[in-house]
Amino acid sequence: MLNQIHLLAAVTVLGVLEQAYFFLQVIYARRVFGISPPKISGPPEFERIFRAQVNSSEYFPIFLALLWQAGLFFHQGLAAALGLLYLYARYCYFMGYRASSSERLAPIYFSTGVLWILVAVSALGILHFFLSHYMGLNILQLLTA
């Protein structure tokens, strides 16, 4: 069983570490700009870092759910590769947003595209499971016949 989920687990740990890094960047920015919690406003430089972290945190549960569904129902390797692409795009998003609000656009569009691919792969995998498990239809055999 573990050999069927080890790549997903590794990408999950990398994602958690990335989230921790983003969170630490907010703590550092709070110190640099003198913004004490619970305040969330301040200089634009602080607000961009804060928003990048919050936005990344908001999407993280969606990413995790899709990563694991795609990996369990479709293909672990493909899901893990897409997961790494997503994490890289999120890192680029964070760094871009930190520099300028316009620098976040290309990475956010790319990461959103990766999420949509994970949605499609998850849906196909789950559909295949239902059709084969409950109706005895193996789509892969039908397509290759």
Side-chain angles (χ1 to χ4, degrees), residues 1-133 138-144:
M1 161 97 174
L2 292 179
N3 64 341
Q4 297 172 344
I5 62 170
H6 66 285
L7 296 176
L8 302 175
V11 172
T12 299
V13 169
L14 286 174
V16 169
L17 291 173
E18 182 178 69
Q19 290 297 308
Y21 173 76
F22 295 161
F23 181 72
L24 290 172
Q25 293 303 302
V26 172
I27 291 172
Y28 178 74
R30 283 187 179 283
R31 289 180 183 152
V32 167
F33 297 109
I35 311 291
S36 298
K39 291 181 184 177
I40 58 171
S41 61
E45 295 84 4
F46 168 77
E47 290 183 6
R48 288 195 308 267
I49 293 169
F50 180 79
R51 279 303 314 149
Q53 184 269 325
V54 169
N55 185 272
S56 295
S57 294
E58 291 167 347
Y59 276 85
F60 194 61
I62 296 167
F63 162 69
L64 285 180
L66 292 172
L67 172 74
W68 280 86
Q69 287 176 45
L72 293 174
F73 288 98
F74 194 82
H75 190 274
Q76 178 188 204
L78 177 63
L82 290 169
L84 290 174
L85 274 176
Y86 176 81
L87 293 178
Y88 176 71
R90 271 293 159 170
Y91 178 79
C92 292
Y93 163 80
F94 187 89
M95 293 308 185
Y97 205 171
R98 184 174 162 171
S100 162
S101 57
S102 63
E103 297 278 328
R104 78 190 195 289
L105 295 176
I108 196 71
Y109 294 146
F110 185 77
S111 66
T112 301
V114 173
L115 283 180
W116 279 111
I117 294 169
L118 282 169
V119 167
V121 169
S122 296
L124 286 172
I126 292 168
L127 177 65
H128 173 68
F129 175 81
F130 281 133
L131 290 176
S132 65
H133 188 73
N138 189 329
I139 297 172
L140 298 176
Q141 284 181 344
L142 293 174
L143 291 175
T144 57

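The model shown is predicted, which means the values in this text are computed figures rather than measured ones. Index from 1, following the sequence.
- A search for ring-ring contact (aromatic ring centres under 6.0 Å, His included) contacts involving Y88 returns nothing, not counting sequence neighbours.
- Each ring-ring contact (aromatic ring centres under 6.0 Å, His included) pair with one or both residues in residues 16-44, not counting sequence neighbours, appears once here: F22-F94.
- Side chain of E45 to main chain of R98: no donor-acceptor pair is present (N/O by atom type, distance under 3.5 Å, no hydrogens or angles).
- Summarising the geometry of A80 relative to L8, their closest heavy-atom pair is N-CD2, 4.3 Å, with the distance given to 0.1 Å.
- Here the closest non-hydrogen pair linking S122 and A70 is OG-N, 3.2 Å.
- By the neighbour-count criterion of 12 heavy atoms within 6.0 Å, atom OH of Y109 is sparsely surrounded, having that number or fewer from other residues, nucleotides or ligands.
- Note that the CG atom of L118 and the CG atom of L82 stand 5.0 Å from one another [nearest 0.5 Å].
- Considering all non-hydrogen atoms of both residues, R90 and S56 come closest at NH1-OG, 3.3 Å.
- The list of side-chain hydrogen bond (donor to acceptor under 3.5 Å, both in side chains) pairs with a residue in residues 32-42, not counting sequence neighbours, is empty.
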Mind listing the side-chain donor-acceptor pairs of residues 100-108 below 3.5 Å, one per line with the distance, residues two or more places apart or on another chain?
{"from": "S100", "atom 1": "OG", "to": "S102", "atom 2": "N", "distance (Å)": "3.4"}
{"from": "S100", "atom 1": "OG", "to": "S102", "atom 2": "OG", "distance (Å)": "3.1"}
{"from": "R104", "atom 1": "NH1", "to": "S101", "atom 2": "O", "distance (Å)": "2.5"}

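- The side chain to side chain contact (heavy atoms under 4.5 Å, CB included) search around H128 returns S132, N138, I139, L140, not counting sequence neighbours.
- At a threshold of 4.5 Å between non-hydrogen side-chain atoms, the residues L124 and F73 do not count as touching.
- To the nearest 0.5 Å, atoms CD (E18) and CG (L87) are separated by 5.0 Å.
- Residues meeting the side chain to side chain contact (heavy atoms under 4.5 Å, CB included) test with F50, sequence neighbours left out: V26, R30, I40, F46, V54.
- Residues satisfying the side-chain hydrogen bond (donor to acceptor under 3.5 Å, both in side chains) test with Y97, not counting sequence neighbours, are none.
- Within the 4.5 Å cutoff, side-chain heavy atoms of I27 are placed close to those of L24.
- Residues passing the side-chain hydrogen bond (donor to acceptor under 3.5 Å, both in side chains) test with Q53, sequence neighbours excluded: S57.
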Verify side chain to side chain contact (heavy atoms under 4.5 Å, CB included) between V119 and L115, making sure each step is shown before the conclusion. CA-CA 6 Å; V119 167; L115 283 180; 5.5 Å; no
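- One finds the CG atom of N55 at 8.0 Å from the OG atom of S111 (value rounded to the nearest 0.5 Å).
- A donor-acceptor contact shorter than 3.5 Å is absent between the side chain of H133 and the backbone of F130.
- Remark: F74 engages no residue in a ring-ring contact (aromatic ring centres under 6.0 Å, His included) (not counting sequence neighbours).
- With sequence neighbours excluded, the residues that form a side chain to side chain contact (heavy atoms under 4.5 Å, CB included) with L84 are V11, L14.
- In this view, E47 satisfies the side-chain hydrogen bond (donor to acceptor under 3.5 Å, both in side chains) rule with no residue, not counting sequence neighbours.
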Pair up each side-chain donor or acceptor in residues 58-69 with any protein partner under 3.5 Å, not counting sequence neighbours, and list the distances.
{"from": "W68", "atom 1": "NE1", "to": "T12", "atom 2": "OG1", "distance (Å)": "2.8"}

